[in-house]
Amino acid sequence: MNELRFDGQVAVVTGAGRGLGRRHALLLAERGARVVNDLGGSVTGAGSGGDPAIDTAEEIRNSGGQAVADTNSVTTPEGGQAIIDAALETWGRVDILVNNAGTVGDAAFDDMTEDRLSPLVDVHLKGAFFVTRPAWNVMRRQNFGRIVNTCSAAGILGAPRMSNYGAAKTGLIGLTRVLAAEAAGLDIKVNAVAPVAATRMMDYSMGSAAEIDSPQAEELMRPFLDRLDPALVSPVVAFLAHAQCPVSGEIYTVGGGHVSRFFIGRTKGYYNPTLSIEDVHAHLDQIRDPAEHTVPAGAAEEMADIYQAIIAG
Ligand code: NAI
């Protein structure tokens, strides 16, 4: 197999000081690309401190790669601009953006007050907006860019106590798909990963779930967790960031070396021009039946499916 390389390209990886982001940055740097960002702070977002970004940048340079540490937060437009400017000022370009920075803060929905919601929307959803906008500008001008957003099965599929996190993360799917649509005709691809990896965040979430499920849960899960090396997520992120990546607007679930695609499907459904509540009740199985489902590539394609059903018959 030909080695897929990134020579001459500049990658910004947010939250690259630890966990998944660190592994993404190390792999991209090993293959010729550069830059890291990390605010620092705890898994729930308390505090800050530039050490993890500095450590990853040093690690890359010590292995012969190129990196600058950036310690801005992704949570403001100024922070997003500064992160992209760090790449532009050092190397004059940005080709790849991996929106990875994130925090958690689980709570039952009864306790999901504004102070638990806002920080997560800020870091995951607004953070991706704020870093992507200045990068997008550059990518459009050069007609090349690769953006990889980090979403989560917790939102796509649902997980208790994660309404703040799941909602913020799943907003990123909307961002991924809309940007992919806006980039049609340009060599800009925007995709998402839903990772599964043994990091401090996974430890926190397991601990939070164990409190309400069973205290033995973590013990039982340990052999599985041991297989979830974050480095095994990075090849998918790097492929989606590569010039040869042919797909856009897609979501890949990745963990422990296993890769699969999540897609948004639409059942064939049921049509009745005089649809009533009782019709919905009587035909629920047909409405839900996944046989013959389609996977519309965008909102226009789904409109065409509806047109087909009600006009063309
Ligand atoms: P982690 O806690 O090890 O790493 C996250 C990094 O983001 C930390 O180094 C942190 O300092 C940095 N960060 C936090 N807020 C920031 C901000 N405002 N600006 C810049 N950097 C900031 O967690 P992990 O597991 O590596 O998570 C990486 C991404 O993957 C996150 O977006 C997370 O939500 C997502 N994810 C992780 C899963 C897992 O199984 N570990 C599952 C699903 C999603």
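All ligand and atom numbering here is 1-based and tracks the order in the structure.
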*Every residue of the protein that comes under 4.0 Å of ligand 1, judged on heavy atoms*: Gly15, Arg18, Gly19, Leu20, Asn37, Asp38, Leu39, Gly40, Asn72, Ser73, Val74, Thr75, Asn100, Ala101, Gly102, Thr103, Val123, His124, Thr150, Cys151, Ser152, Tyr165, Lys169, Pro195, Val196, Ala197, Thr199, Arg200, Met201, Met202
*asked:* Salt bridge or not between Arg146 and Asp187? Use side-chain N to carboxylate O under 4.0 Å.
replied: yes
*How are the rings of Tyr270 and His283 set relative to one another: parallel (under 30°), tilted (30 to 60°) or perpendicular (over 60°)?*
parallel
*Please work out which of the three classes, parallel, tilted or perpendicular, describes the rings of His293 and Phe263, given edges at 30° and 60°.*
parallel
*Could you list all the ring-ring contact (aromatic ring centres under 6.0 Å, His included) pairs where at least one residue sits in residues 52-73, not counting sequence neighbours?*
none
*Among all residues two or more places apart in sequence or in another chain, which pass the salt bridge (charged side-chain N to carboxylate O under 4.0 Å, His left out) test with Arg133?*
none
*Could you tell me which residues satisfy side chain to side chain donor-acceptor pair (under 3.5 Å) with Thr132, sequence neighbours excluded, listed by chain and number?*
Asn99
